[in-house]
2 protein chains.
Amino acid sequence: MVNGQLTVDAKLAKRVRDAIREMGYLPNLQARALGSGRSRVLGLIISELTNPFYPELVRSFEDLAETSDFEIMLGSVIHKNDEHLNRFVRRLVQRRVEGVAVMTFRADWDYLHELILHNIPLVTIDAAAPRARCLVVEVDYRSGIDQAIQHLALLGHRRIAFVSGPLQHFTNQARRDAFLDSVRKVGLRAKDTPVYEGDHTFEAGAAAIGHFLSLRDRPTAILSSNDLTAVGVLRGLSERRMQVPEEISVIGFDDIHMAEFAHPPLSTVRMSREDLAAAAFQGLMRLTQHSSPYAPEPIRVKTQLVVRQSTGPQTNAVTAKADSARRTGTAAACSGE
Amino acid sequence: MVNGQLTVDAKLAKRVRDAIREMGYLPNLQARALGSGRSRVLGLIISELTNPFYPELVRSFEDLAETSDFEIMLGSVIHKNDEHLNRFVRRLVQRRVEGVAVMTFRADWDYLHELILHNIPLVTIDAAAPRARCLVVEVDYRSGIDQAIQHLALLGHRRIAFVSGPLQHFTNQARRDAFLDSVRKVGLRAKDTPVYEGDHTFEAGAAAIGHFLSLRDRPTAILSSNDLTAVGVLRGLSERRMQVPEEISVIGFDDIHMAEFAHPPLSTVRMSREDLAAAAFQGLMRLTQHSSPYAPEPIRVKTQLVVRQSTGPQTNAVTAKADSARRTGTAAACSGE
DNA sequence: GGTGCTCAAGAAAACGGTTTCTCAAGATGC
DNA sequence: GCATCTTGAGAAACCGTTTTCTTGAGCACC
């Protein structure tokens, strides 16, 4: 009755329900989990919470989980040593999670072996763990990077540099490859599209700028593989007293909060955390419904350019304060979005 | 045996343990919780994860929880409506959490009544919920704000403004009062220490600057009640082409990541998230050990000035590019830390 | 009216551990 | 040597739900 069937008098039902509330009764979820064999807990593994990319993702994922009455167990990978990591994964199993979303972009699955052993549904990003009951969320880097490059090309830029993350990670290769394809598509050649391999830190941005400005043919626009590094690029430029976007344009990737508050506000390729979370959650729901070795299609998530004020038309003047030109450029860019 | 007593042959014990591992056995924590009556889950309530103050706090708290074999259930208050909030609190009770750390700075406890009803240990910040089994973490705003004001006074500033958060919150009153006390201590008068009430957003910073610059006696230094607003102040100044710290000094509060990456890097009063998390966790452990109506002393957490590059000596020149002076000033300030 | 069927309510078993109880063997004291 | 205390192993009860099983009532049909 309490669980919602309608075989008894509605009025009586209401009275009973009121009495239950009155006494402050709340079912014990542990007991329920034990009895039903369903814990209603999901695992969520991220790189780390202090990476500004993740809080939004976690929040979206939690919201989804909440509306479906799931709890989530959060674990970050980066600052943990292997010992800690294994402990965390073991706890996931001990709490009998019904599935785990692995939202980190590195592609080694060793630390997940305990989950695989217990045949727990898994959702990963970019690349699948080698096993059944694993679903991939494929981020479509190309769509957003294409937009970024076309935006720059439209503004007249013919020399566009790229700051990548560590190329040992599959995801960073994918981003760089997307960049190289895009610039080729708008007719630029390899020597006009230099790539600098950074490490996704703030400092890498300043280092990249040091490198690019030492080139004979300096790029007039820079695309960075993540926002933090792009902000580092902005800082490096500001320290060299170079004006953005008058002298050089900068585009980031991710669209973290900081991008909006950067100086100038950073144009960037947005990878929607909401979409990512939704894809991951949906994927888990799908996997949990099929207990058989079920291998569904990957879920794709698009990326998209967000134009702010760090991009403007290419000019040859090195010191020109082309303020009015910039305004026009920005307006044009915005309308192109 | 499995739980670690030493009554049987050590070798046999090892063999048994190996066999257990071999078979992939892991105890079911739900069953354990049900049997023992201890869930080993703690609640952690924060304002919201996308507020850059919190990720570090959550991480620290999680680390502590992990080493003591606790799980945490995370909930954010801000973006939830009352309906959602009540659901979350109810879930805390349903999972039979052993205690809840309420790490949000607002002081209304209505939404916690379910926790109070079930006599669940509570740790709060700044002010205690009106009940037993509740422990307060008292943030010592005065220590850090004193340091900030003395730092500015030493640099020659005699007109120091304050941007507060919404004064309906107890915590913001405390910060403002600490400011007023501090400036009085270094001999400044009310008319030279104007206060602007903002709302802790980025935009509030620009608004505050608009107000302060319209005053007849402009302040030469600004202390903000949080970092995001301070960054907004920096932005407002930059839009007015005013140099920081040559023309005006700025100090924030909190020491979020962004502070370091601001332009220029923001001097700020650090409220240590590690300390806060440690205090909260310790408090919960203390409370859970005493089931009786036990009212322990509050735990105090200090704040501390961090000097970066947004503060420099007061100069009368409005447009002077006092670069060398600034360098010296910064160095002096650093050594004073 | 007896037989077979459906249905729902209540009892019992299960979930996987912890905690408590029981009881017999061994140690201790006189 | 006998009564008492201590010890530890194994059995039993328990935690609070869900799930399955049992039972008996109600009903249609021949």
Side-chain angles (χ1 to χ4, degrees), chain A residues 1-17 19-43 65 68-71 73 87 89-99 114-115 117-121 288-289 291, chain B residues 1-43 68-71 73 87 89-99 114-115 117-121 288-289 291:
Chain A
M1 195 290 287
V2 181
N3 300 318
Q5 287 141 56
L6 299 167
T7 55
V8 285
D9 180 53
K11 250 186 178 165
L12 175 64
K14 187 181 171 341
R15 273 185 53 205
V16 172
R17 227 180 290 274
I20 287 173
R21 165 167 320 169
E22 200 109 348
M23 305 190 59
Y25 168 81
L26 286 175
N28 181 328
L29 291 190
Q30 289 142 199
R32 182 173 286 180
L34 193 58
S36 68
R38 306 206 52 196
S39 64
R40 301 208 78 81
V41 176
L42 297 175
S68 300
D69 272 317
F70 276 94
E71 227 58 64
M73 274 179 67
R87 275 178 58 135
V89 171
R90 206 170 305 139
R91 291 216 316 276
L92 288 174
V93 179
Q94 294 189 150
R95 296 267 175 196
R96 301 297 187 262
V97 291
E98 298 187 32
E114 199 102 45
L115 298 174
L117 208 71
H118 286 81
N119 197 32
I120 294 173
T288 48
Q289 264 144 40
S291 65
Chain B
M1 194 292 286
V2 180
N3 300 318
Q5 285 142 55
L6 299 167
T7 55
V8 284
D9 179 53
K11 250 187 180 165
L12 174 64
K14 184 176 174 344
R15 272 184 54 205
V16 173
R17 227 180 290 273
D18 285 355
I20 289 175
R21 163 166 322 167
E22 201 109 346
M23 305 192 59
Y25 167 80
L26 287 174
N28 181 329
L29 290 190
Q30 290 143 197
R32 182 174 287 181
L34 194 58
S36 67
R38 306 205 53 196
S39 64
R40 301 209 78 82
V41 177
L42 297 175
S68 301
D69 272 315
F70 276 93
E71 228 57 65
M73 275 179 66
R87 276 178 56 134
V89 171
R90 206 169 306 138
R91 290 217 316 278
L92 289 175
V93 179
Q94 293 189 149
R95 295 269 175 194
R96 302 295 188 264
V97 290
E98 298 187 32
E114 199 102 46
L115 297 175
L117 209 69
H118 286 81
N119 198 32
I120 293 173
T288 49
Q289 264 144 39
S291 64

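Every chain is numbered from 1 and lettered A, B, ... according to where its sequence line falls, protein lines coming before strand lines.
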Atom-pair distance ([atom1] on [X]; [atom2] on [N]), nearest Å:
X: Y25(A); N: dC15(D); atom1: OH; atom2: P; value: 14 Å
X: R40(A); N: dG16(D); atom1: CZ; atom2: C1'; value: 18 Å
X: R32(B); N: dC15(C); atom1: CZ; atom2: P; value: 19 Å
X: R95(A); N: dC15(C); atom1: CZ; atom2: C1'; value: 17 Å
X: Q30(A); N: dC15(C); atom1: CD; atom2: P; value: 19 Å
X: L26(B); N: dG16(C); atom1: CG; atom2: P; value: 13 Å
X: N28(B); N: dG17(C); atom1: CG; atom2: C1'; value: 8 Å
X: Q94(B); N: dC15(D); atom1: CD; atom2: C1'; value: 17 Å

request  = Determine the minimum heavy-atom distance between V41(A) and F70(A), stating which atoms define it.
outcome  =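 Closest pair (atom of V41(A), atom of F70(A), distance): N-CD2, 3.9 Å.
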query = If you measure from CZ on R91(A) to CG on D69(B), what distance do you get to the nearest 0.5 Å?
reply =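 CG of D69(B) is found 6.5 Å from CZ of R91(A).
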key: Gap separating the OG atom of S68(A) from the CZ atom of R40(A), nearest 0.5 angstrom   =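 That separation rounds to 7.5 Å.
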task = Tell me, please, which residues at least two apart from L29(B) pass side chain to side chain contact (heavy atoms under 4.5 Å, CB included).
result =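 Counting only residues at least two positions away or on another chain, L29(B) forms a side chain to side chain contact (heavy atoms under 4.5 Å, CB included) with Q94(A), R95(A), R32(B).
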ask   = Among dG16(C), dT17(D), dT18(C), which is the nearest nucleotide to the side chain of S36(B)?
value =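 The nucleotide sitting nearest to the side chain is dT18(C).
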inquiry  = I want to verify a distance call: between dG16(C), dT19(C), dT18(D), whose nearest atom is closest to the L34(B) side chain?
reply    =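 Within the option list, the nearest is dG16(C).
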